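The next block holds one structure in the form of structure tokens; read it before the comments.
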Amino acid sequence: MAITQEELDSFNEFVTEHLRNGKTDLTLEQCLSNWREVRELWDDVRVGLAEIRAGQGVSLEECKRQLDEYIRELDKVESRNG
């Protein structure tokens with residue numbers, strides 16, 4: 001798949017920001033991997049927001065309940081492994 005100018009500009013901005021923040025120990029491959037992860041995360045956020053706008057999301061209360069439940073489960077796993 002060919003890269004677009006927009007993607008190239010986005011990657012360039014991402015790497016430039018990392019360098020400005022003193023993150024000079026990353027290889028080009030690591031930067032590319034991190035950039036892809038960030039792009040995927042933002043894509044997921046955009047999809048989630050679109051679902052909420054379309055009335056397909058869960059309420060804030062339900063989201064908090066699910067998150068609290070997930071955290072409790074993680075705590076159980078950590079206490080068993082701990």
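From a predicted model like this one, the values you see are computed outputs, not experimental measurements.
To the nearest 0.5 Å, atoms CG (Asn12) and CD (Gln5) are separated by 9.5 Å. To the nearest 0.5 Å, the span separating CD on Glu17 from NZ on Lys23 amounts to 8.5 Å. Atom CH2 of Trp35 is separated from atom CD of Glu40 by 10.5 Å, given to the nearest 0.5 angstrom.
Not a single donor-acceptor pair under 3.5 Å links the side chain of Glu13 to the backbone N or O of Ser10.
Among residues two or more places apart in sequence or in another chain, the side chain to side chain donor-acceptor pair (under 3.5 Å) test is passed with Arg46 by Asp43.
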Tell me which donor-acceptor pairs under 3.5 Å the side chains of residues 50-67 have, and how far apart each pair is, sequence neighbours excluded?
residue	atom	partner	partner atom	Å
Ser59	OG	Glu62	N	3.1
Glu62	OE1	Arg65	NE	3.1
Glu62	OE2	Arg65	NH2	2.7
Glu62	OE2	Gln66	NE2	2.8
Lys64	NZ	Asp68	OD2	2.9
Arg65	NH1	Glu69	OE1	2.9

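A continuous path of hydrophobic side-chain contacts links Val45 to Val38 [ILVMFWY only; heavy atoms under 4.5 Å]. Residues Leu26 and Leu32 do not share a hydrophobic cluster, clusters being chains of Ile/Leu/Val/Met/Phe/Trp/Tyr side chains in contact below 4.5 Å.
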Worksheet entry | Pair Gln30-Thr27, side-chain contact (heavy atoms from CB on, under 4.5 Å): steps then yes or no | CA-CA 5 Å; Gln30 288 170 318; Thr27 67; 3.2 Å; yes
Item to complete: Show the numbers, then the answer: is there a side-chain contact (heavy atoms from CB on, under 4.5 Å) between Asn34 and Phe14?
Response: CA-CA 9 Å; Asn34 291 351; Phe14 182 82; 3.8 Å; yes
